[in-house]
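Report on the following structure.
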Amino acid sequence: MQKLVITGEKKLSGELCVHGAKNAALPLLAAAALCSERVVFKNCPGLSDVYASCRILTRLGLECKREGNVVKIDPEGIKNWEVPEELMREMRSSIVFLGAILGRMGRCRLSFPGGCELGPRPIDMHIAALRQMGAVINEEHGILDCYAPKGIRGADIVLSFPSVGATENIIMAACLAKGETVIKNAAREPEIVDLASFLNRCGARISGAGGSTVSITGVNRLHGCEYPVMPDRIVAATYLGAAAITGGEVTLLNARKSDLESVLPVFEEMGCTVFCYDGKIYLGAKKPLRAVRTIRTMPYPGFPTDAQSVFLACLSKAHGTSVMVENIFENRYRQVDELKRMGCKIKTEGKVAVIEGVKRLYGANVVATDLRGGASLVLAGIAAEGKTTVSNIKLIDRGYESIERDLALMGADIKRV
Ligand code: UD1
C-alpha cells in the first residue's frame, strides 16, 4: 500500500498550474453518452474516478481514448444501457450516468450507489425527478432498473435542496426529452455551468445554468465538440492552503477567482495577502495566521463543503479560536481524530467544529479517511515538526493528480513510498 512520507516545516513557495476539475469532468464524461458525434475533452485530469468513468463509457459501447490530459470519445457504438455493479462500486459519483444513459437510450440499469465515507448518499431527489419526467424506476436488491415507456418528457421540477448530482442528472435527461423541463431551486455550482456550456456547444438548449432556475428545451440530437474542463476550485483552495499553513507564498495558474469568491476572503481574514490578476491567483502568508469568524458550509455560492477540511488544518495553526459549521454532509469531520494525533486542538459536536489554534503541529502516522480529509492531513504534515506518514492515499488520488508532485514543486519534502 502506498503512503506519503512528509518532513514538515518547509516554507512553500512557487507557481503551480491547477488541473481540471474532477467534479466537472465526471458529469462531462457521462454527458458524452448523449452525443451522436465525437467529443474531445481537454484539461481532463488524470484521476482514478476519471479512469473509472472512461471504463463505464467503454462498457456502454463508446470508444474512449486518453492521450495525456485529452480524452477523445466516439459515441457512435453506444449499445448498452447497463452499468455492472463492479464499475458502479469503483466510483461513488457514478449515479451521474443515470440521466445520461436514460436520456440517450430510454433505459438504464445500474446498481444503487452505497453509502460513502461522508455518510449516506441518498438519491431520492434524482429518482423523484426522473419519475416526473416519465421514467418508470424499480429498485430491487440494490439495483435500479429504469425505462421510459413513452419516452422522457419535460417536466416542472422543484428540488427540496439544490443537489448538485440531481441537477446534473435532470439536465442530462432533459436534453433529448420531448418538451421543456424547468428546474427550480437548482444547484448553482460552477460545475453545473460547465456541464451546460458543453451541452449547449453540442446543440442543447439549456438556459439559466448558474442560477436557481434552469430551463432545458429538448432537441432531437446532440452533435460533438471540443471542450476544455474547468479548473478545479477545490485543488486551488488546497494549494492556497498549503502556502498559508507554511507561511509561504504561491501563484496559481489556471485558477478562476470567480469560483473562489467565498474562499479567498477567508484567507484574507486569516491575514494572508491575496491578489488576482490575468487568470492567476497569488497568496502570500507573511504574517502569522489569525482565527476567523464562523465559517458555514453552504451550497454555492456559499462556502464549499469540499474546502472545509483544508481550513480545519489551516485554522489549527492560526492564533485564536475559530468555529466551522458543516451544513451539507454528516460524518464530514472524520479526519479530526487523525488531525488531533498531529497536535491539532479540534472539538466536534454534530455539525460544529471548534478549532483552537496551536503554535506547533507534530508529525505522526495518520490515515486518510476521505478525499478532502486526506488532503488536510497532508497540509498539517507539511506544517508539522518532524515526519508524518499518511496512508490510505488512494482516497487522495481520487481528487488530486499528484499532490506530492505539486507540493514538492513548491519546496515541500514529500515522497510517495
Ligand atoms: C457533489 C460533489 C461533492 C460535493 C457536493 C456538495 C461531485 C461528483 N460531487 O456531490 O464533491 O461535496 O456536491 O457540494 O460533483 N441529497 C439528498 N437526496 C438526494 C441528493 C442529495 O438528500 O437525492 C443530500 C445529500 O445527502 C447531501 C446534500 O443533499 O447532504 C448535497 O448533496 P449533493 O449536492 O447531491 O452532492 P453530490 O452531487 O453527491
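As a basis for the values below, the full set of heavy atoms in this structure was taken, side chains included, without hydrogen atoms, waters or symmetry mates. Remember, it's 1-based here, ligands and their atoms both numbered in the order they're listed.
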Do L264 and K257 have side-chain heavy atoms sitting under 4.5 Å apart?
yes
Judged on heavy-atom distance to atom 17 (C) of ligand 1, which of M125, K22, E168 sits nearest?
M125
Numbered atoms of ligand 1 (with element) below 4.0 Å of V164, judged on heavy atoms:
1 (C), 13 (O), 33 (P), 34 (O), 35 (O), 38 (O)
P122 touching ligand 1 at heavy-atom level, < 4.0 angstrom
yes
Which atoms from ligand 1 have a heavy atom of G165 less than 4.0 Å away?
35 (O), 38 (O)
Give the atoms of ligand 1, by number and element, whose distance to some non-hydrogen atom of I328 is under 4.0 Å.
27 (C), 30 (O), 31 (C)
Tell me whether D306 has any N or O atom under 3.5 angstrom from an N or O of ligand 1.
yes
Which of the atoms in ligand 1, numbered in the order shown and given with their element, are less than 4.0 Å from a heavy-atom of T305?
6 (C), 12 (O), 14 (O)
Less than 3.5 Å between some nitrogen or oxygen of D124 and one of ligand 1, yes or no?
yes
Per the side-chain hydrogen bond (donor to acceptor under 3.5 Å, both in side chains) rule, which among R372, K22, R405 passes with Y400?
R372
Applying a heavy-atom cut-off of 4.0 Å, say which part of R332 lies close to ligand 1: side chain, backbone, both or neither.
side chain
Numbered atoms and elements of ligand 1 in range of S93, under 4.0 angstrom, heavy atoms:
8 (C)
Run the side chain to side chain donor-acceptor pair (under 3.5 Å) test against E191 and tell me which residues pass, sequence neighbours left out.
R233
Contact atoms of ligand 1, heavy-atom distance to I123 under 4.0 Å:
19 (C), 23 (O)
Check whether any side-chain N or O of N327 sits under 3.5 Å from a backbone N or O of M298 as a donor-acceptor pair, and report yes or no.
no
Please determine whether any non-hydrogen atom of H126 lies less than 4.0 Å from an atom of ligand 1.
yes
Side chains of Y282 and E249 only: does a donor on one sit below 3.5 Å from an acceptor on the other?
yes
Report yes if the side chains of I216 and I183 come closer than 4.5 Å at any heavy-atom pair, otherwise no.
yes
What atoms of ligand 1 come closer than 4.0 angstrom to any heavy atom of F161?
28 (C), 29 (O), 31 (C)
For residues F303 and F311, establish whether the separation of their ring centroids is below 6.0 Å.
yes
Distance check, rounded to the nearest 0.5 Å: Y227 atom OH versus N43 atom CG?
11.0 Å
Checking heavy atoms under 4.0 Å, the part of I127 that sits near ligand 1 is neither
Just grab all the ring-ring contact (aromatic ring centres under 6.0 Å, His included) pairs involving residues 18-56, residues at least two apart or on different chains.
F41-F198
